[in-house]
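For ligands, and for the atoms within them, numbers begin at 1 and follow the listed sequence.
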Amino acid sequence: MAGPTEDQNPVLEIDGTLINQTNNNNNDSNSSSNSKGKEKAVVLVGEENSQNQSDREMASIHRSGSRPQLDLSKAAIQGNFEEKDPTILLPNQSDDISHLALDIGGSLIKLVYFSRHEDRPIDDKRKKTIKQRLGISNGNRRSYPILGGRLHFVKFETAKINECLDFIYSKQLHRGGMDSRHWNPEAPANNDIVIKKATGGGAYKYTDLFKERLGVSLDKEDEMDCLVAGANFLLKAIRHEAFTHMEGHKEFVQIDHNDLFPYLLVNVGSGVSMIKVDGDGKFERVSGTNVGGGTYWGLGRLLTKCKSFDELLELSQRGDNRTIDMLVGDIYGGMDYSKIGLSASTIASSFGKAISDKKELEDYRPEDISLSLLRMISYNIGQIAYLNALRFGLKRIFFGGFFIRGHAYTMDTISFAVHFWSKGEAQAMFLRHEGFLGALGAFMSYEKHGLDDLMVHQLVERFPMGAPYTGGKIHGPPLGDLNEKISWMEKFVLKGTEITAPVPMAPPGTTGLGGFEVPSSKGGTLRSDASALNIGVLHLVPTLDVFPLLADPKTYEPNTIDLADHSELEYWFTVLSEHLPDLVDKAVASEGGTDDAKRRGEAFAHAFSAHLARLMEEPAAYGKLGLANLLELREECLREFQFHDAYRSIKQRENEASLAVLPDLLMELDSMSEETRLLTLIEGVLAANIFDWGSRACVDLYHKGTIIEIYRMSRNKMQRPWRVDDFDAFKERMLGSGQRKPHPHKRALLFVDNSGADIVLGMLPLARELLRRGTEVVLVANSLPALNDVTAMELPDIVAEAAKHCDILRRAAEAGGLLVDAMTNTLDGFKGSPPSVPLMVVENGCGSPCIDLRQVSSELAAAAKDADLIILEGMGRALHTNFNAQFKCEALKLAMVKNQRLAEKLIKGNIYDCVCRYEPAR
Ligand SMILES: CC(C)(COP(=O)(O)O)[C@@H](O)C(=O)NCCC(=O)O
Ligand SMILES: [Mn+2]
């Protein structure tokens, strides 16, 4: 396995005698007080050892445990229908508010429920002023309450309906909250009759049981209506919902919303329905077959004595159908029937060998019987589906229903049949939420819930760990609190395999040439919840938007590195695994190092490792996987175990130390010519980007020397040309050439990265230069913490501190609403100047070191409208993601590459090389 190598060969060397001197003097920020200019700038980074009281007491950020609910301050609005994104808020209600719909089938109960977790609103002045400044109106899009919350998918065996009822009860999903038609937040929780939407035969069969046990009346919805509504919703709203599966290879299909209809929906449950879908609510059941999942299970049970569907499926993994199926080769003496295109291995007759053999049932292996049966039924469904697609001229066929269960072999077999009969013209596609179409459709039948209006960028899928149900499969009673979640995690770890063991999936080539080979994953056991783990919780975040300056959102791909390449996946898997112990230490320290924090730290490590293991086994398990997703998953996992900001004290210390040397740096900059200053500023950004606690090589450096050494050395390494060096083009745009003086940019969006030197000594001075030139500056920072990245919440204080030493920053921050009280006593002598262009701060909508510009905060989208320059800074935002992104306006991508492998791969360079990529407007 390839592993990180850069720390064995560090290219960056620290000179002088202080290299091995452990820097314990964390408070030594005064050592810079006499320094002038960059050579003497002293900023200290210490060991992570002095978690002091004030750190612990620092106000923690109370946000959603997951993707930020971006408009928390509006939470108080409560149903003002004029607002763009009004939220439903129950006063005095601080817990989850939940709603549900059910699909009660013959074998499984599928439950979709919604929870709205109420976050404590933050009194964030920045938000109010930024909204005013940017003129974010709350006008148009919606005229009714919108869901901001989460959609959960859970399933139970119908035979164990009591477990389902217990679950509903313990989650209080049976209580009020909506009437039969629409959300009704004002409805008293103890309504006498509560009506819940349900579909499937069980909605009739179990009416009384629901009434008796939960006091709930089931409002029946038509099954076909629900299937179609569910499928339409998923195909429109989830980016990586549909995929093809051929010969073990899974590929996600980007569905164009405007070109979705018509399609054939094949729902394979106990029986099979084939539905031609022409639009929302427009469909016709054109065909079906009684040979479906129930047939496989029923016949299989009789023939093999298997106790469950999953057991039967698992058997098939080890089967060889040639012992029981009659093949073309059996008839043609081992030869192909090539004249009509049939290979010797083609099944001529399912179970055909059984007629001629003088064998009894006991003489056949149950494994072979199961496989033969599975292929017979899958081919048959695939073939009938194709014929119906042909009949109506439909290009696309989507297969759903619980028969498929994400089972590689089943999907391959169906795909092969469609491919074979259509001669490659038609394609079978599968849905990640295959089993939940009906339940989702029933949920959608509540009017005016806003779901049908959600766009693909407003849904974020998350994969929680440490809950008793993962991706639809219940593993125990629901958990009341974090403590129970951790206990559950510990139990799982003790048990050993269940959640940490990867799911064995058939490797590529499952069906082999022509789809007629036996499964190649012999001996592997299919986990019963193999498919269940493939879906997470859908977070509905109505305030997310597509970044409007993307040149082409349709072709935009945030990730530079595709982890479908297994060697890449292995490499990054190793990097993240090796970083884990240090991260856990930091996380635990950030919570005061208590026993509780240690326990949570361990649970986090197990949960994250389990995710990594799962993804190593099947990279596409959670949808298309890029490096940005892995890095985000880590942050999400931390938040799930309530580590809100693992690097809080490090960030604070580095900010203070950097702010202490800022005046010297500014003074030095002001003494330079315009041209030298611009170069020094860009150098400064690149050099200061070395302060990155996510890079192993950098963290090793911090342990070897003081920050002044690192910073000085980093700046000394800045000789041009950089590995990617478009500085001259950027300079020409900024300063012109000869007599030509270019017009300044109107508004620049600066996507900032790390705290400390990175923001204070790198990006803020650059922002100041732009302001000085008359360009409005918007600092775009994370909504939630990730590593040592600076957040939008933290920035106003940093700017205010910096503004004490700088009149340009002060006036701009005042104009931008960042400073409420005008300050006096400024140091750099610009008093009496005219009002400044504003300096603003907006949050980007993410809590990750990377940024997916298809899903940003609405305030960033609003700020982007007038921007003509984007500056993306750092490895996460400018290299791992967006390195290849193209924009409608000018873009400058600045980063130091702090990983040897990435440097080689991306820029054919070495660790600590720099990227300064300038791209004119498209
Ligand atoms: C997590 C990061 C993207 C953060 O980098 P940044 O955006 O702060 O420049 C980067 O540190 C990273 O890719 N780290 C993992 C690789 C390594 O340890 O070498
Ligand atoms: Mn960073």
Exercise for the section: Could you tell me which atoms of ligand 1, counted from 1 in the order shown, lie closer than 4.0 angstrom to a heavy atom of His880? Expected result: 3 (C), 12 (C), 13 (O)
Practice task
Please state whether the separation between the Mn ion (ligand 2) and some N/O/S atom of Asp692 is under 2.8 Å?
Solution key: no
Fill in the blank from the handout: Going by the 4.0 angstrom heavy-atom rule, the piece of Leu576 near ligand 1 is neither
Completion exercise
The atoms of ligand 1 lying under 4.0 Å from a heavy atom of Asn754, numbered in the order shown, are 8 (O)
Practice task
Decide yes or no on salt bridge (charged side-chain N to carboxylate O under 4.0 Å, His left out) for Arg614 and Glu618, but give the supporting numbers first.
Solution key: CA-CA 6 Å; Arg614 172 81 181 97; Glu618 203 205 343; 3.3 Å; yes
Handout entry: Salt-bridge present (Arg653, Glu656; N to O < 4.0 Å)
Key = no
Exercise for the section: Assign the ring pair Trp572 / His880 to parallel, tilted or perpendicular, where the plane angle (0 to 90°) is split at 30° and 60°. Expected result: perpendicular
Exercise for the section: Please indicate whether any nitrogen or oxygen in Gly694 is less than 3.5 Å from any nitrogen or oxygen in ligand 1. Expected result: yes
Practice task
Look at Asp753 and state whether any of its N, O or S atoms is less than 2.8 Å from the Mn ion (ligand 2).
Solution key: yes
Handout entry: Close N or O approach (Pro849, ligand 1; < 3.5 Å)
Key = no
Practice task
Decide whether the shortest distance between a heavy atom of Trp693 and an atom of ligand 1 is less than 4.0 Å.
Solution key: no
Practice task
For ligand 1, find out whether one of its N or O atoms is nearer than 3.5 Å to an N or O atom of Met875.
Solution key: yes
Completion exercise
Going by the 4.0 angstrom heavy-atom rule, the piece of Asn788 near ligand 1 is neither
Handout entry: Atoms in ligand 1 flagged as close to Gly874, the criterion being non-hydrogen separation under 4.0 Å
Key = 7 (O), 9 (O)
Completion exercise
In Arg600, His644, Arg648, the residue satisfying side chain to side chain donor-acceptor pair (under 3.5 Å) with Glu591 is Arg600
Handout entry: Numbering as shown, the atoms of ligand 1 that approach Val575 to under 4.0 Å (heavy-atom distance)
Key = 15 (C), 16 (C), 17 (C), 18 (O)
Problem - N-O pairing of Arg747 and Asp868 below 4.0 Å - result: no
Exercise for the section: May I ask you to list the atoms of ligand 1 that are less than 4.0 angstrom from any heavy atom of Asn689? Expected result: 9 (O)
Handout entry: Arg634-ligand 1 polar pair, N/O distance under 3.5 Å
Key = no
Handout entry: Any N or O of Lys898 closer than 3.5 Å to N or O of ligand 1
Key = yes
Exercise for the section: May I ask you to decide whether Arg901 forms a salt bridge with Glu568, counting only side-chain N to carboxylate O separations under 4.0 Å? Expected result: yes
Exercise for the section: Starting from the Mn ion (ligand 2), look over the N/O/S atoms of Asp789 and name the nearest one. Expected result: OD1
Handout entry: Arg917 with Glu919: basic N within carboxylate O range, under 4.0 Å
Key = yes
Practice task
State plainly whether the residues Asp692 and Lys898 are in salt-bridge range, i.e. N to O under 4.0 Å.
Solution key: yes
Problem - Pair Arg720 + Glu683: basic N to acidic O under 4.0 Å - result: no
Handout entry: Electrostatic pair Lys651-Asp645, nearest N-O below 4.0 angstrom
Key = yes
Exercise for the section: Find all atoms of ligand 1 within a distance of less than 4.0 Å from any non-hydrogen atom belonging to Leu787, and give their numbers and elements. Expected result: 1 (C)
Problem - Where ligand 1 meets Arg696 - atom numbers and elements under 4.0 angstrom, heavy-atom basis - result: 17 (C), 18 (O), 19 (O)
Exercise for the section: Measure Trp572 to ligand 1 on non-hydrogen atoms and call it side chain, backbone, both or neither using the 4.0 Å cut-off. Expected result: side chain
Exercise for the section: Kindly assign one of parallel, tilted or perpendicular to the pair Tyr702 and Phe691, based on the angle between their ring planes and the thresholds 30° and 60°. Expected result: parallel
Practice task
Look at Lys624 together with Glu557 and state whether they make a salt bridge at an N to O cut-off of under 4.0 Å.
Solution key: yes
Fill in the blank from the handout: If we number the atoms of ligand 1 from 1 as shown, the ones under 4.0 Å from a heavy atom of Asp753 are 6 (P), 7 (O), 8 (O), 9 (O)
Practice task
Taking both backbone and side-chain atoms into account, decide whether Asn754 has an N/O/S atom under 2.8 Å from the Mn ion (ligand 2).
Solution key: yes
Practice task
Let me know which of Ile851, Asn884, Thr881 forms a side chain to side chain contact (heavy atoms under 4.5 Å, CB included) with Pro558.
Solution key: Thr881
